[in-house]
Structure formats: C-alpha cells, structure tokens
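Every chain is numbered from 1 and lettered A, B, ... according to where its sequence line falls, protein lines coming before strand lines. Because the structure is a prediction, the values reported are computed rather than measured.
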2 protein chains.
Amino acid sequence: MAIRDVSLAFKALSDPTRRDILKKLRNRSMTPGEMTTFFPISKPSLSHHLALLKSANLITADKEGQKIYYSLNATVFYEILNNFLEGFK
Amino acid sequence: MAIRDVSLAFKALSDPTRRDILKKLRNRSMTPGEMTTFFPISKPSLSHHLALLKSANLITADKEGQKIYYSLNATVFYEILNNFLEGFK
DNA sequence: TGTATATTTAGATATTTGTCTAACTATCTA
DNA sequence: TAGATAGTTAGACAAATATCTAAATATACA
C-alpha cells in the first residue's frame with residue numbers, strides 16, 4: 001500500500017515517542033505490552049500513538065490470540081521520505 | 001549549520017502550507033509579500049509559518065532594505081531527512 | 001463458566017497549533 | 001518630516017494533541 005497523507009506521515013514522525021517506537025520495530029515485531037517496558041508511558045497513550053502510526057501507514061498490526069504484533073512498514077516508510085525528497089530535486 | 005531538533009523539523013514539514021512554501025523556495029528566494037500572492041493566508045499567519053521554518057533551520061532570511069528574502073536551506077533540508085533515513089537502515 | 005491477561009475505547013484536562021485582526025517597527029521616498 | 005510599504009509582534013480563539021484514569025472488549029485457560 002502507498003502513501004495516503006503526507007501531512008499525517010510527517011506528523012507521525014514529529015513525536016519523539018513515536019520515532020522511538022519505529023526504531024524499536026526496526027529489529028522485530030513487538031506487542032504494546034512489550035513496548036511499555038521500554039517507554040515510560042501508559043498503555044492508553046501507547047495505544048494512541050500506535051493508532052496514529054497505523055493511520056499514517058507506517059506500521060502494520062497482526063493479531064495473534066490476545067496479542068497484537070506491530071511491525072514497521074519499511075516499504076511505505078521509505079516511500080514517504082524518498083517521494084518527498086524527489087519533490088525537492 | 002546542522003540539525004538542531006528532528007521533532008521540530010518533522011513538525012515543520014507536517015503542515016501543507018509550510019510544504020508549499022518550501023516548494024516555492026525551491027526555485028528562488030522570495031519575500032513574504034510575494035508569497036501571500038500564492039497562498040490564501042494572512043500576513044501574520046505566513047509570518048508565523050516562516051518563523052517556524054526558520055527555527056527548524058529549513059530556511060534562511062536575508063534582509064534587504066524593507067524586504068526580507070527567504071531561501072530554502074537545501075543542505076540542512078537533505079541532511080535532516082537523510083540522517084533520519086540512516087537511522088532506519 | 002469464571003478469572004486473568006492484553007489491548008483499546010471513553011472521557012477529562014492541559015498544552016500546542018493555526019488562524020485572524022489590530023497594533024507596532026523599520027525602511028523608503030516625495 | 002510625513003506618508004506609504006514590508007514585515008513582525010501581540011492578543012484572542014477554536015481546533016487538535018498528548019496524556020492520564022477508569023471502563024470496556026476480546027481472548028486464553030483452569
């Protein structure tokens with residue numbers, strides 16, 4: 001899937017917590033529960049950030065039982081930034 | 001000069017009006033007065049956006065008489081996005 | 001079925017943001 | 001010096017954002 005909203009993508013990237021989440025997801029998929037052990041943030045706040053990253057198409061979610069594994073959508077991630085850079089050539 | 005605040009840079013890029021301003025400045029330097037002929041926005045609003053882009057180090061300002069010429073800081077612009085992409089390799 | 005676990009949703013609140021009008025500062029020029 | 005022009009600053013306001021606690025939903029399992 002492709003870029004939907006550039007503003008949303010940059011907005012998603014403008015928050016340090018969300019960039020930290022993306023950096024964690026570079027290595028492997030992770031559940032919100034695991035993430036809360038890394039960031040000093042409440043579960044609802046984390047959930048909010050994940051929803052925003054998902055709406056920006058920067059991450060994907062896969063439910064397995066009660067858990068939800070979130071993964072970096074690397075393709076779209078690079079697409080967004082590179083497409084934007086193209087516009088400035 | 002280099003990146004100062006990644007959050008600020010992405011925040012600056014998250015607004016459509018500010019991205020439009022940057023795109024205009026790709027071609028040439030421009031004064032706020034000229035810009036208002038392109039965007040349906042008041043001078044104070046434009047001034048606000050320019051201040052934000054400047055604080056993010058994405059543009060520079062050169063005063064000549066009563067006019068202020070704003071220019072794209074292309075170097076820092078690419079630096080910000082590419083450095084960020086590096087972190088996701 | 002009942003309880004524990006994983007996550008989201010709802011609702012509240014303080015902060016930030018984008019916009020406007022009005023007023024101010026600086027510079028030019030007749 | 002007076003008036004016009006270019007731009008910013010001040011102040012107000014509505015909308016969006018990030019955060020929290022409490023409640024709801026969904027799944028697992030004894």
Side-chain angles (χ1 to χ4, degrees), chain A residues 4-25 27-73 80, chain B residues 4-25 27-73 80:
Chain A
R4 284 191 280 238
D5 184 341
V6 177
S7 291
L8 195 54
F10 280 122
K11 191 158 291 183
L13 291 168
S14 74
D15 183 83
T17 299
R18 288 195 288 266
R19 288 200 305 277
D20 283 348
I21 292 170
L22 292 175
K23 277 172 190 164
K24 279 289 174 201
L25 294 180
N27 306 317
R28 61 179 179 84
S29 298
M30 216 178 272
T31 66
E34 286 182 280
M35 294 183 204
T36 51
T37 66
F38 292 115
F39 312 116
I41 195 176
S42 71
K43 284 180 183 185
S45 285
L46 178 60
S47 196
H48 159 76
H49 287 304
L50 291 172
L52 204 152
L53 286 168
K54 194 157 171 290
S55 76
N57 213 19
L58 287 169
I59 60 173
T60 57
D62 286 284
K63 190 164 187 178
E64 287 184 21
Q66 344 165 237
K67 294 183 178 179
I68 299 178
Y69 286 91
Y70 284 96
S71 311
L72 183 66
N73 190 347
I80 287 166
Chain B
R4 285 193 278 241
D5 185 341
V6 177
S7 292
L8 195 54
F10 281 122
K11 190 157 292 183
L13 292 169
S14 73
D15 183 83
T17 300
R18 288 193 289 266
R19 288 199 305 277
D20 284 347
I21 292 170
L22 292 175
K23 278 171 189 163
K24 278 289 174 202
L25 294 180
N27 307 317
R28 61 179 179 85
S29 298
M30 214 177 272
T31 64
E34 286 182 281
M35 294 182 205
T36 52
T37 68
F38 293 115
F39 313 115
I41 195 175
S42 71
K43 284 182 184 183
S45 285
L46 178 61
S47 196
H48 159 76
H49 287 305
L50 291 171
L52 204 151
L53 286 167
K54 194 157 173 289
S55 77
N57 213 21
L58 288 168
I59 60 173
T60 57
D62 286 287
K63 190 165 186 176
E64 287 184 21
Q66 347 166 233
K67 295 185 178 179
I68 299 177
Y69 286 91
Y70 283 96
S71 313
L72 183 65
N73 190 347
I80 286 167

| task | Rounded off to whole Å, could you give me the CG-to-P distance for the A:L46 and D:dT21 pair? | result | 14 Å
| message | For a quick check of understanding: with a heavy-atom distance under 4.0 Å over all strands, which category does B:Y70 fall into, base, sugar-phosphate or nothing? | response | sugar-phosphate
| task | Enter the distance from B:L72:CG to B:T60:OG1 here, rounded to the nearest 0.5 Å. | result | 8.5 Å
| query | Any luck finding a side-chain donor-acceptor pair between A:S7 and B:R19 under 3.5 Å? | reply | yes
| task | Starting at atom CG of A:D15, determine the distance to atom P of C:dT15, rounded to an integer number of angstrom. | result | 17 Å
| Counting side-chain heavy atoms from C-beta on, which of D:dT19, C:dT21, C:dT8 comes nearest to B:P44? | C:dT21
| How many Å lie between CZ on A:F39 and C1' on C:dT7, as a whole number? | 17 Å
| Spacing of OG belonging to B:S29 relative to NZ belonging to B:K24, to within rounding of 0.5 Å | 14.0 Å
| query | For C:dT7, does OP1 or OP2 lie under 4.0 Å from any side-chain N or O of A:S47? | reply | no
| field | Residue-phosphate contact under 4.0 Å: A:T31 side-chain N/O, C:dT7 OP1/OP2 | value | yes
| remark: For A:I59 and A:L25, the nearest pair of non-hydrogen atoms, with its separation, is CG2-CD1, 3.8 Å
| note | Judged by nearest nucleotide, the residue sitting upstream toward the 5' end of DNA chain D, B:P32 or A:I41, is B:P32
| field | Atom pair distance, as rounded to whole Å: NZ in A:K67 and P in C:dT5 | value | 12 Å
| message | Is there a side-chain contact between A:S42 and the phosphate of D:dT19, meaning an N or O under 4.0 Å from OP1 or OP2? | response | no
| Side chain A:S47, main chain A:P44, donor-acceptor under 3.5 Å | no
| What's the NE2-C1' distance between A:H49 and C:dT8, to the nearest Å? | 15 Å
| task | Figure out the NZ/P separation between A:K43 and D:dC20, and round it to whole Å. | result | 13 Å
| field | Criterion salt bridge (charged side-chain N to carboxylate O under 4.0 Å, His left out) on B:K67 and B:E34, from CA distance to verdict | value | CA-CA 10 Å; B:K67 295 185 178 179; B:E34 286 182 281; over 6 Å; no
| query | Could you write nucleotides 25-30 of chain C as a row of B, S and -, 5' to 3', where a protein heavy atom under 4.0 Å of any base atom gives B, of only sugar-phosphate atoms gives S, and otherwise -? | reply | -SBS--
| Would a distance-only check, ignoring hydrogens and angles, find a side-chain to backbone donor-acceptor pair under 3.5 Å from B:R18 to B:A12? | yes
| Looking at B:S45, does any N or O in its side chain come under 4.0 Å of the phosphate oxygens OP1/OP2 on C:dC20? | yes
| request: Rounded off to whole Å, could you give me the CG-to-C1' distance for the B:D20 and C:dG18 pair? | output: 15 Å
| Can you check the A:H48 NE2 to C:dT13 P distance for me, whole Å? | 18 Å
